[in-house]
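Quick caveat, the model's predicted, so the values are computed rather than measured. All heavy atoms count here, side chains included; hydrogens, waters and symmetry mates do not. Indexing begins at 1, ligand by ligand and atom by atom, following the structure's order.
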Amino acid sequence: MCGIIGSTGDAATLNDLVEGLARLEYRGYDSAGVAVARADGTLDRIRAVDGTTSLKLLADLASERSEGYIAGLGHTRWATHGRVTTENAHPHMDCSGGIGVVHNGIVENFRELKAELESEEHHFDSQTDTEVIAHLLESFLKQGLSLREAVMQSMSRLRGAMSFVAIDSKDPGVMVGTKRMAPLIVGKGRGANFVASDIPAILGKADSFYQVGDNQVVVVSPQGIELFDLTGTSVQLVEISVDWDLAAAERGGFSDFMSKEIFEQPAAVRDTLLGRLNAPGEIVLDEMRLDPEELRRINKIFIVGCGTSYHAGMVAKYAIEHWTRIPVELDISSEFRYRDPVLDQETLVIGVSQSGETLDTLAAMNEASLLGAKTLVVSNVMGSSMARTADAVLYTRAGPEIGVAATKTHTAQISALLLLALYLAQVRHCLYPSEIREIYEEMITLPEKIEQVLATDAAVQEVAQSMAAVKRFYFIGRHVGYPVALEGALKLKEISYLPAEGYPAGELKHGPIAMIDSDAVVFGVTTRTRLWEKMTSNLEEVRVRGARIVVVANEGDTQSVGLGDAAFEVPKTHALLAPVLDVIPLQLFAYHLAVALGNDVDRPRNLAKTVTVE
Ligand code: AGP
């Protein structure tokens, strides 16, 4: 939520900021702005508001005013405090206009700080929480502190999870940033150094990337990057290994990131699965920092995540319980944290988060650590906050995901979690090695089978276009078809803005079926499992109430296909692996319906890619 970028150095340009912001739009696109320190000692601010056009406006303004650039900060906003107006767009400034601040997160005590600062004659121009940071820094600078010291002092006054970066026109080449449970990284390039909320913003510009830890302060200047703790003690920089290339963060011929990423799923799943079986036929998870002995002692697992990641976690619950017999509880991260969960040293908490930065999941994992549990994160971003703080990490290798609606990271997450389930079964001797190998061999056929599903795109598009006037959708499934149903509904809600609900098929008759009539369309995940007959009965129940039915069925399964007014066919696979295939036509359906409705699929209203506020 909210994207941050800053650049400084001889080779740094205002264009860096504008390009970086274009790559950060997935963090929010309510408004955008830059503050540029110029050689003449001024801080020049340019801001633009208006959803889709703000970056274009900014680029036009920037091209007119790029002369004399020394350093600058850029920001793309997802509004929390203060409406979407120019005055609320970042960067925010102090009374003198010499200090600029960009911020991500929430200053929870901003009301009391604002009242205090106003009583000291500070004048506020916006309704944001962010502006208190600029004035707080101004107060500390007036007391004779340096910008670095002022940032350190501010952190003890500011409550909440946040990251921010400040610039002072009196020392214009220097940017000072800090963070607490919100993302911030720095990068070194040739002739320019950078700070950013996310790696894609500075891909192709920085050659090396470094972590900023919680409660650390980073000073980025043309000469280099220095890191400190809040007492001012110097801290060693830790490099993040980044294997993403610039092309991965661009559309590459597709009309939008969402369709590009849907079509990247064969590679995302292949890369996540590759090299995970050694010559003797054992699953190897290189990044895992948990000792097999510790994993053998685990007697309870919790899986936490939000949205699409939660749905991937639900698939994992079925697989882990089935293959290892370890009891698994699944929690929405924001609920887990505050429900006083019962954990101890023999509990493993698995966080699922593509970004590794979602505040609710990060906080849930931290809470689990405090309570003594072991923590493991499945993340797509190397060096992300969760990857750094969890006891163990398992990376999905999906490449950067820019589309707000998660697609390739979802199927990569399920693949990684299935690998983890097999690994747990292996270290705990719950499955025979031959069984593990057989399942893994089936898993590595998934990329090819995904290609086959993607080849049905035109047929899915036709069905979606024929349903452009439908106003209500329901998705039902049983067992691992249930998380597929939830994810199908979430994708549709996110980008079509239409009511779409997912239910366990058996639960429908306990209430939701009251909503079913001839205006409804019901999707049934009807690929073959031992529950197939029960699933077909549930579909009959909605058919007789007049709903139109679309089934996700196995290729050539004429009985299943015959149950639907339309059918999306997918290849057959192991029942627990099926969600990787079954969800894809539902992603395509959501995509084509949203396009047919004229929606911007990469920038769905009200959403941001990574939710770093509670
Ligand atoms: C997915 O389409 C959504 N954008 C959202 O539900 C997302 O999955 C959720 O916010 C969790 O994000 P994370 O995986 O980065 O933690």
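In this pair, H75 and H90 present their aromatic rings parallel. The plane angle is below 30°, not in the 30 to 60° band.
A heavy-atom distance below 4.5 Å is not found between the side chains of Q587 and Y591.
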Under 3.5 Å donor-acceptor pairs involving side-chain atoms of residues 473-492, not counting sequence neighbours:
{"residue": "Y474", "atom": "OH", "partner": "R472", "partner atom": "NH1", "Å": "3.1"}
{"residue": "R478", "atom": "NE", "partner": "N538", "partner atom": "OD1", "Å": "2.9"}
{"residue": "R478", "atom": "NH2", "partner": "N538", "partner atom": "OD1", "Å": "3.0"}
{"residue": "E487", "atom": "OE1", "partner": "T308", "partner atom": "OG1", "Å": "3.0"}
{"residue": "E487", "atom": "OE1", "partner": "H311", "partner atom": "ND1", "Å": "2.8"}
{"residue": "E487", "atom": "OE2", "partner": "T308", "partner atom": "OG1", "Å": "3.0"}
{"residue": "E487", "atom": "OE2", "partner": "K491", "partner atom": "NZ", "Å": "2.6"}
{"residue": "K491", "atom": "NZ", "partner": "T308", "partner atom": "OG1", "Å": "3.0"}
{"residue": "K491", "atom": "NZ", "partner": "A406", "partner atom": "O", "Å": "2.9"}
{"residue": "K491", "atom": "NZ", "partner": "E494", "partner atom": "OE1", "Å": "3.3"}

Between side-chain atoms of residues 358-366 and protein atoms elsewhere (two or more places apart, or another chain), which donor-acceptor pairs fall under 3.5 Å?
{"residue": "T358", "atom": "OG1", "partner": "S355", "partner atom": "OG", "Å": "3.4"}
{"residue": "T361", "atom": "OG1", "partner": "S333", "partner atom": "OG", "Å": "2.8"}

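At a cut-off of 3.5 Å, with distance as the only test, a side-chain donor of S309 or Q413 sits close to an acceptor on the other residue.
Under the rule for a side chain to side chain donor-acceptor pair (under 3.5 Å), the partners of D214 that lie at least two apart in sequence or sit in another chain are K179.
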Distances for all N or O pairs of ligand 1 and the protein under 3.5 Å?
{"residue": "ligand 1", "atom": "2 (O)", "partner": "T308", "partner atom": "OG1", "Å": "3.3"}
{"residue": "ligand 1", "atom": "2 (O)", "partner": "A406", "partner atom": "N", "Å": "2.8"}
{"residue": "ligand 1", "atom": "2 (O)", "partner": "K491", "partner atom": "NZ", "Å": "3.0"}
{"residue": "ligand 1", "atom": "2 (O)", "partner": "E494", "partner atom": "OE1", "Å": "2.7"}
{"residue": "ligand 1", "atom": "2 (O)", "partner": "E494", "partner atom": "OE2", "Å": "3.0"}
{"residue": "ligand 1", "atom": "4 (N)", "partner": "V404", "partner atom": "O", "Å": "2.9"}
{"residue": "ligand 1", "atom": "4 (N)", "partner": "E494", "partner atom": "OE2", "Å": "3.1"}
{"residue": "ligand 1", "atom": "6 (O)", "partner": "T308", "partner atom": "N", "Å": "3.3"}
{"residue": "ligand 1", "atom": "8 (O)", "partner": "T308", "partner atom": "N", "Å": "3.2"}
{"residue": "ligand 1", "atom": "12 (O)", "partner": "T358", "partner atom": "OG1", "Å": "3.4"}
{"residue": "ligand 1", "atom": "14 (O)", "partner": "S309", "partner atom": "OG", "Å": "2.5"}
{"residue": "ligand 1", "atom": "14 (O)", "partner": "Q354", "partner atom": "N", "Å": "2.8"}
{"residue": "ligand 1", "atom": "15 (O)", "partner": "S355", "partner atom": "N", "Å": "3.0"}
{"residue": "ligand 1", "atom": "15 (O)", "partner": "S355", "partner atom": "OG", "Å": "2.6"}
{"residue": "ligand 1", "atom": "15 (O)", "partner": "T358", "partner atom": "OG1", "Å": "3.3"}
{"residue": "ligand 1", "atom": "16 (O)", "partner": "S353", "partner atom": "OG", "Å": "2.6"}
{"residue": "ligand 1", "atom": "16 (O)", "partner": "T358", "partner atom": "OG1", "Å": "2.4"}

